Amino acid sequence: MNDTTTETTPSNFIRNIIDADIASGKHQQVITRFPPEPNGYLHIGHAKSICLNFGIANDYPNATCHLRFDDTNPGKEKSEYIDAIKEDLQWLGFDWGENLHHTSDYFDQLYAYAVQLIKQDKAYVDSLSADDIRLYRGNLTAPGKNSPFRDRSIEENIDLLERMKNGDFAEGEHLLRAKIDMAAPNINMRDPAIYRIKNMSHPMTGNKWHIYPMYDFAHCVSDAIEGITHSLCTLEFEDHRPLYDWFLDELKTPAHPQQIEFSRLNLDYTVMSKRKLHELVEGGYVSGWDDPRMPTLSGMRRRGYTPNAIKDFCSRIGVTKKDNIIEMSVLENSLREDLGEHAPRALAVLDPIKLIIDNYPDDKEEILSGVNHPKKPEEGTRDIPFSKELYIERSDYMDDAPKKFFRLTEGREVRLRFAYYVTCTHVVKDDNGNVTEVHCSYDPETRGGKSEDGRKVKGTIHWVSVKHSVTAEIRQYDRLFSVPAPALEKEQDYKDFINKDSVDILQNCQLEASLAHANMSAYQFERQAYFCQDSVDSKPGALVFNRIVTMRDSWAKKK
RNA sequence: UGGGGCGUGGCCAAGCGGUUAAGGCACGGGGUUUUGAUCUCCGCAUCCCAGGUUCGAGUCCUGGCGCCCCAGCCA
């Protein structure tokens with residue numbers, strides 16, 4: 001079967017570079033890597049990077065993509081995040097095969113390289129305080145100045161580093177720095193830190209180390225050790241590339257990967273930074289990392305997003321160096337396309353109101369037949385029970401409706417999907433004027449929803465049989481923020497823009513009987529939206545469905 | 001008056017000096033339709049600005065303007 005979401009990945013400037021590298025013979029085989037820090041959950045922005053890196057590995061001959069946990073900061077990282085990250089990657093359908101690595105796998109080699117730098121007089125142990133180092137660094141327009149410890153002897157530096165490693169010092173007492181240029185216009189080149197003392201154990205290496213390498217040093221060396229050919233990262237590391245290259249040139253590593261930067265993904269009406277996501281979780285603004293409103297992969301999975309929709313989205317947005325904010329509609333389009341093709345259809349009434357067919361026999365029941373997918377007859381049909389009393393959507397009836405309202409109002413005929421034509425005769429209201437019952441008469445000649453006389457019935461509405469329907473809770477989700485770019489609001493904190501109506505819980509929804517044993521990952525409740533059972537709260541007999549995404553609704557737009 | 005990037009329609013994004021500037025999303029309109037869904041047809045930019053080079057520039061040069069990133073012993 002042809003899957004619409006696995007069409008050829010569009011090219012981009014990075015693939016063009018790789019193509020050229022292969023054509024020139026610079027590389028025979030391509031190796032990329034996805035290097036998450038295990039300090040939080042993956043989000044849709046990571047998916048862009050994942051699809052780029054693993055996508056390249058999938059598309060080029062003999063290419064691979066390594067998964068490498070960048071675990072150089074035991075103060076922030078936890079192994080529980082490692083498991084979550086692996087799960088998300090597998091869910092998306094990517095496979096790192098044998099290539100599971102940790103930066104901590106290279107701690108011994110990293111240390112040896114650091115000693116080598118000292119021996120080359122390209123690194124030194126600084127004993128300035130953190131505050132003084134900041135002062136000595138200068139600022140954006142003023143050059144920095146050399147630390148008084150910059151000219152320690154090689155022997156002393158090696159000895160000090162050794163003792164730092166062994167835990168002889170307190171955190172902050174010493175720092176191993178590269179010896180580059182304190183006047184460099186690029187601040188990253190002003191003697192950046194290589195190793196800092198952290199007297200804490202590490203999830204992978206236990207208590208072996210009292211020093212841990214910094215990103216700039218560890219990342220390029222790890223890439224080189226693994227023979228990565230193209231090290232793809234986001235734009236904010238562009239300024240770090242000279243340092244990336246400096247380390248590898250000084251150390252004469254066996255390989256020198258090429259760092260290429262691209263712009264990170266921004267989606268409107270949400271936030272994408274790990275810091276903010278942490279804050280939403282820890283501040284209780286959402287129910288957890290997997291809250292269905294979160295842009296995390298775990299949240300989107302629980303919400304009902306599909307891996308194919310996410311991958312299709314990533315291929316549509318492209319890869320460039322331009323800052324961007326992608327509209328949610330692009331993601332939703334990818335989702336609807338996938339769900340529309342794969343989700344079986346069902347009838348469900350979210351806001352029920354009774355419809356009584358006065359001329360239908362009181363005790364009669366019929367079993368009608370509904371197609372599971374209008375475009376795929378091979379998916380068959382299902383039985384739908386019908387009787388005198390039905391539930392329909394409250395919004396499908398209106399007093400004094402305009403001509404263009406193709407639903408129920410007194411005197412108007414509509415089709416009950418898969419069932420009969422019914423004509424509204426009158427309604428019953430309560431003391432407040434709210435409609436409590438819609439009364440209709442039906443035409444027995446229209447069983448199945450069609451008539452012999454060719455009469456046109458413009459409107460078709462969904463329904464369930466009162467006697468047969470099952471009750472469910474439905475959680476209708478909407479955008480988490482009320483403004484397109486909450487993180488860019490200068491005057492106020494992004495949390496001030498959390499959408500108070502981002503979830504709307506309906507308790508008394510009535511679903512067609514077959515849904516009591518729902519076992520598909522997603523359904524389309526016809527005319528409304530796509531839904532999935534909530535993976536944590538839905539139980540047999542106490543069903544909970546999440547609204548994944550609504551149907552397009554051109555009628556709602558006109559109103 | 002430091003350094004590094006970016007600037008093609010509402011949002012993305014092709015374009016690599018030479019037909020009327022791809023495509024997607026969004027939007028507007030027509031048709032089909034037992035989901036106001038789907039499907040389908042149509043419409044929708046002269047490329048940040050100003051000079052210049054050239055027979056010819058979104059693509060090259062010069063000068064502006066605008067936006068983003070960098071002063072963690074975070075990544």
Side-chain angles (χ1 to χ4, degrees), chain A residues 10-12 16 35-37 39 70 72-73 75-77 126 128-130 133-134 137-144 171-177 183-190 192-198 211-212 214-216 218-219 233-242 261 263 268 274-275 313 315-334 336-337 340-341 345 347 370-371 374-375 404-407 414-419 421 446 448-450 457-462 484 524-529 550-558:
Chain A
S11 195
N12 55 56
N16 291 343
E37 183 188 14
N39 69 341
D70 208 354
T72 58
N73 187 349
K76 289 188 173 175
E77 297 148 7
D126 198 353
L128 244 24
S129 69
I133 284 182
R134 193 182 330 114
R137 185 154 36 223
N139 58 44
L140 293 181
T141 52
E171 293 185 10
E173 250 185 278
H174 303 290
L175 179 73
L176 183 70
R177 294 228 258 168
N186 180 347
I187 292 180
N188 293 301
M189 300 301 272
R190 320 241 261 229
I194 296 175
Y195 267 104
R196 78 289 213 186
I197 297 170
K198 277 188 183 290
I211 55 173
Y212 292 95
M214 300 290 292
Y215 167 86
D216 284 310
H219 202 87
C233 62
T234 43
L235 250 30
E236 69 272 24
F237 292 103
E238 206 145 24
D239 287 345
H240 295 243
R241 180 160 23 98
E261 311 83 12
S263 51
D268 63 4
K274 266 193 197 174
R275 201 205 101 236
F313 168 72
S315 79
R316 286 181 194 237
I317 59 176
V319 179
T320 68
K321 298 185 67 134
K322 199 170 78 171
D323 287 334
N324 62 77
I325 300 181
I326 310 288
E327 292 177 347
M328 199 64 94
S329 63
V330 182
L331 215 205
E332 292 180 342
N333 177 68
S334 294
R336 290 190 181 106
E337 215 165 81
E341 181 174 348
R345 267 98 265 221
L347 301 183
V371 295
K375 293 283 171 55
K404 292 293 226 176
F405 184 77
F406 308 136
R407 311 181 194 178
V414 303
R415 170 169 35 239
L416 295 175
R417 171 125 248 225
F418 305 132
Y421 291 179
T446 57
K450 51 190 176 297
V457 173
K458 180 72 178 170
T460 299
I461 66 174
H462 59 279
Q524 181 197 100
F525 292 175
E526 293 202 24
R527 298 210 305 135
Q528 312 202 88
T550 61
M551 309 280 277
R552 279 199 189 82
D553 189 354
S554 58
W555 168 245
K557 279 172 197 157
K558 281 180 185 170

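No experiment lies behind these values; they were computed from the predicted model shown. Below, read A as the first sequence line, B as the second, and so on, with proteins coming before strands; counting in each chain starts at 1.
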A:Arg345 side chain to A:Glu526 backbone, donor-acceptor under 3.5 Å | no
With syn defined as a glycosidic torsion within 90 degrees of 0 and anti otherwise, which applies to B:G72?
-> syn
Of all residues at least two apart in sequence or in a different chain, which pass the side-chain contact (heavy atoms from CB on, under 4.5 Å) check with A:Asp323?
-> A:Leu235
Please enumerate all protein N or O atoms sitting under 3.5 Å from an N or O of nucleotides 21-24 of chain B, with distances to 0.1 Å.
{"residue": "B:G24", "atom": "O2'", "partner": "A:Arg316", "partner atom": "NH1", "Å": "2.8"}

Any donor-acceptor pair under 3.5 Å linking the side chain of A:Arg336 with the backbone of A:Leu331?
-> no
For A:His174, check ring pair (Phe, Tyr, Trp, His ring centres under 6.0 Å) against everything at least two apart and list the hits.
-> A:Phe169
Give A:Arg336 one of three labels, base, sugar-phosphate or nothing, depending on what nucleic acid heavy atoms sit under 4.0 Å from its own.
-> nothing
OP1 or OP2 of B:G36 sitting under 4.0 Å from any side-chain N/O of A:Ser554?
-> no
Does A:Thr460 use its side chain to pair, donor to acceptor, with the backbone of A:Arg417 at less than 3.5 Å?
-> no
Report the residues that fulfil side-chain contact (heavy atoms from CB on, under 4.5 Å) with A:Ile187, sequence neighbours left out, ordered by chain and then residue number.
-> A:Arg137, A:Leu140, A:Arg190
Any residue meeting ring pair (Phe, Tyr, Trp, His ring centres under 6.0 Å) with A:Phe237, in chain and number order, not counting sequence neighbours | A:Tyr215, A:His240
Given the P atoms of B:A45 and B:U53, what is the spacing between them in whole Å?
-> 31 Å
Check every atom of B:C6, B:C11, B:G36 against the side chain of A:Lys321 and return the nucleotide holding the closest atom.
-> B:C6
Ignoring hydrogens and geometry, is there a side-chain-to-backbone donor-acceptor pair from A:Ser263 to A:Lys322 under 3.5 Å?
-> yes
Roughly how far apart, to the nearest Å, are B:A75 and B:U40 at atom C1'?
-> 49 Å
Quick note, A:Ser329 side chain, CB onward, closest among B:A26, B:A14, B:C16 is B:A26
Is a side-chain N or O of A:Asp126 found less than 3.5 angstrom from the main chain of A:Leu175, in a donor-acceptor match?
-> no
Using the P atom as the reference point in each nucleotide, state the distance between B:A71 and B:A57 in Å, no decimals.
-> 44 Å
Protein heavy-atom contacts under 4.0 Å, written 5' to 3' over nucleotides 70-75 of chain B as B (base), S (sugar-phosphate only) or - (none), form the string BBSBSB
Looking at every strand, decide which applies to A:Gln524 at a 4.0 Å heavy-atom threshold: base, sugar-phosphate, or nothing.
-> base
In dot-bracket notation, what is the pairing pattern of RNA chain B, taking Watson-Crick (N1-N3 plus N6-O4 or O6-N4) and G-U wobble (N1-O2 and O6-N3) contacts under 3.5 Å, with [ ] crossing and | for other strands?
-> .(((((((.[[[..)..(....]]].(((((.......)))))....[[[[[..)....]]]]])))))).....
Can you tell me, in whole Å, how much space there is between the C1' of B:U20 and that of B:C47?
-> 16 Å
Please produce a list of atom pairs where a protein N or O lies less than 3.5 Å from an N or O of nucleotides 40-47 of chain B.
none

Just jot down the ring pair (Phe, Tyr, Trp, His ring centres under 6.0 Å) partners of A:Tyr212, sequence neighbours excluded, or say none.
-> A:Phe107, A:His202
Whole-angstrom distance between B:G24 and B:U38, as gauged at atom P | 15 Å
When you get a sec, tell me which of B:A13, B:C12, B:U35 is the closest nucleotide to the side chain of A:Lys322?
-> B:A13
Can you list the residues that meet the side-chain contact (heavy atoms from CB on, under 4.5 Å) rule with A:Lys458, with sequence neighbours excluded?
-> A:Phe406
Can you tell me how far C1' in B:C69 sits from the matching atom in B:C11, rounded to whole Å?
-> 22 Å
Reckon A:Lys557 touches a base, only the sugar-phosphate, or nothing at all at heavy-atom distances under 4.0 Å?
-> sugar-phosphate
Which of the following nucleotides, B:U35, B:C68, B:G36, is nearest to the side chain of A:Phe405?
-> B:G36
Expressed as a whole number of Å, how far does the C1' atom of B:U59 sit from that of B:U46?
-> 13 Å
Who are the salt bridge (Lys or Arg N to Asp or Glu O under 4.0 Å) partners of A:Arg196, not counting sequence neighbours?
-> none
Excluding sequence neighbours, so at least two apart, what forms ring pair (Phe, Tyr, Trp, His ring centres under 6.0 Å) with A:Phe313?
-> none
Same-atom distance (C1') from B:G64 to B:G7, integer angstrom | 14 Å
Picking from B:G36, B:C25, B:A13, the nucleotide nearest the side-chain atoms of A:Arg552 would be B:C25
